[in-house]
Amino acid sequence: MSRFDKYFLMKEGDVTEYVHFRIPRYFNAGAKTSVKEIGDGNLNYVFRVVDDESGKSIIIKQAGEQLRISAEMHISTDRNRIESEILLLQDKYAPGLVPKIFEYDTTMCACLMEDFSDYQLMRYALMEHKTFPRFAGDITTYMVNTLLNTTDAVMEHKAKKALVKSFINPELCEITEDLVYTEPYNDAKGRNIVTPENLDFVKKELYEDKALHLEVAKLKFDFMNNAQALLHGDLHTGSIFVKPDSTKIFDPEFAFYGPMGYDIGNVVANLFFAWDNGDAAGNGAFCDWALKTAAEVVDLFKKKFLAEYAKKAGDIMAATEGFAEYYLDTIIADTAAGCGTELIRRTVGMAQVKDVTAIADRAKRVRAERINIRCAKDLIMNRASFKTGDDFTAAFQRAVKERSHT
Ligand code: SR1
Ligand code: MG
């Protein structure tokens, strides 16, 4: 019997003993270790344990029964199993781009994984206006490999359906259905956070725009019903670690079978948030990099997708001439929509992004929020017309130009 045979939420003082219990030889006997809770997300607790002498380290991520962002929100701690299992799978499809899972424990709802202490969380690195030349290449390899390989185009269909079943993730999907596809358009649960100077703007542009509501309703039902690929499900820059020569994608607890454009669009939108922050600081070179990288993400995804599709699509009908291009076209339209919904929900919803909320100058923050919303509406309303990376950045630049006149 061990005190870890029954779930409880660990504190820093419990974690070294827990590591010894799960992986007895991870640290040398008698090693002096330090533990720190370093979680920065809205949901979980993340502990880093370091051997003070050798520097060897490990991460323990534990799911709490209440969410960190709100004690009133309770969701199943099973999300920790989903996250561990998808990381094991993604390590096969995208080796070197995700953390190694050493162990996962369905009793304590915790996983023990590789530490990236020499990396920086991408959102914070971008807020320091650092640039990452490898990023577009790495993130598109990750997305093409994890997304295309889990579709019906590549997988045997019964095996794919078994994956759909094992990654059914109703509670975390419900969070997205509410926070991304519902509340930004009506504040149905009174949880939106709107910058006071933008209250009238948000009312007119989001709460009263019926044509927008119709398009977002279509997107919500596509998100819930289009089991296209095994998504990361929350692919923002707070789910990515970077250093100049490497990228690691983690935190896929929102994983489920959905439309690929949701992941790709999230990446593009978060580069636009980085632009917002760089622009408020007057850093033109950084802003240029952010937009260039956003365009590269779309274009490299398309190029790598078509190359891999030609090699891997096994379904006879999926190999029909013209189908790959048709399929990719729908994915890029979904990317435009995913980018638009992320831009809106992070600007007015309950889970916002520090790139924007940290803009201290009120007028600049108000301007950034309006740019995001205007660009987002263009992306959502005209999603079928977005084809290339330049189409995405041109939409963003149109919104910027419009804000400089009003
Ligand atoms: C209640 S959780 C709020 C947000 O945090 C996560 O990272 C997801 O983005 C979710 O929407
Ligand atoms: Mg997260």
Side-chain angles (χ1 to χ4, degrees), residues 37-47 59-84 86-87 90 98-99 101 109-111 113 116 119 121-124 139 142 169-185 187-193 216 219-220 223-224 231-242 248-256 258 262-273 338-357 372 376:
E37 206 282 310
I38 56 164
D40 179 54
N42 295 321
L43 280 73
N44 303 297
Y45 296 85
V46 181
F47 301 93
I59 292 290
I60 318 304
K61 181 169 176 182
Q62 188 181 30
E65 283 166 336
Q66 293 177 329
L67 302 193
R68 292 182 88 149
I69 192 174
S70 156
E72 281 143 43
M73 292 175 81
H74 296 249
I75 49 170
S76 163
T77 46
D78 182 51
R79 63 187 188 271
N80 196 269
R81 174 196 64 81
I82 292 184
E83 173 167 356
S84 304
I86 190 181
L87 282 172
Q90 290 184 337
V98 300
I101 296 291
C109 306
C111 64
M113 64 174 125
F116 298 123
Y119 289 65
L121 202 64
M122 187 169 181
R123 188 176 309 287
Y124 294 142
I139 198 74
Y142 166 85
N169 197 351
E171 291 178 66
L172 279 91
C173 283
E174 187 182 36
I175 290 177
T176 306
E177 290 151 21
D178 288 346
L179 295 190
V180 179
Y181 291 105
T182 305
E183 295 175 33
Y185 305 94
D187 200 17
K189 293 191 180 168
R191 299 192 291 195
N192 285 354
I193 305 168
V216 176
L219 294 170
K220 178 176 181 177
F223 178 84
M224 295 191 290
L231 308 190
H232 176 287
D234 197 22
L235 195 46
H236 57 81
T237 46
S239 297
I240 302 171
F241 279 122
V242 279
K248 301 280 182 182
I249 296 95
F250 70 111
D251 213 13
E253 66 199 319
F254 281 77
F256 82 112
Y262 187 75
D263 273 0
I264 314 162
N266 267 254
V267 173
V268 176
N270 278 270
L271 288 163
F272 290 164
F273 297 136
C339 181
T341 51
E342 175 75 356
L343 283 170
I344 288 174
R345 74 92 163 214
R346 297 289 189 189
T347 303
V348 302
M350 80 181 279
Q352 309 206 337
V353 286
K354 291 201 176 107
D355 321 46
V356 177
T357 58
N372 294 344

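Counting convention: from 1, in listed order, for ligands and their atoms alike.
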Task: Any N, O or S atom of D234 closer than 2.8 Å to the Mg ion (ligand 2) - done: no
Task: Which of the ligand 1 atoms, numbered from 1, are nearer than 4.0 Å to a heavy atom of L67 - done: 1 (C)
Task: Close approach, T176 and ligand 1, non-hydrogen under 4.0 angstrom - done: no
TODO: Enumerate the atoms of ligand 1 whose separation from the nearest heavy atom of F254 is less than 4.0 angstrom.
DONE: 6 (C), 8 (C), 10 (C)
Task: Parallel, tilted or perpendicular: ring planes of Y119 versus F241, cut at 30 and 60 degrees - done: perpendicular
TODO: For the Mg ion (ligand 2), find the closest N/O/S atom belonging to D251 and write down its atom name.
DONE: OD2
Open item on the list: Under a 4.0 Å threshold between the charged nitrogen and the carboxylate oxygen, would R68 count as salt-bridged to E37?
Closed with: yes
Task: Region of L43 that comes within reach of ligand 1 [heavy atoms, distance under 4.0 Å] - done: side chain
- [ ] Of the side chain and backbone of M350, name the one, both, or neither that has a heavy atom under 4.0 Å from an atom of ligand 1.
- [x] neither
Open item on the list: If I compare all heavy atoms of M350 with all of I193, which pair ends up nearest, and what's the gap?
Closed with: O-CD1, 3.7 Å
TODO: Return the minimal non-hydrogen interatomic distance between D251 and H232, and the atom names on each side.
DONE: O-CE1, 3.4 Å
Task: Over all atoms of both residues, closest heavy-atom pair of D355 and N270 - done: OD2-O, 4.5 Å
- [ ] Please work out whether any backbone atom (N, CA, C, O) or any side-chain heavy atom from C-beta onward of R345 is under 4.0 Å from ligand 1, and answer side chain, backbone, both or neither.
- [x] side chain
- [ ] Heavy-atom distances under 4.0 Å are what count here, so tell me which part of R346 touches ligand 1: side chain, backbone, both or neither.
- [x] side chain
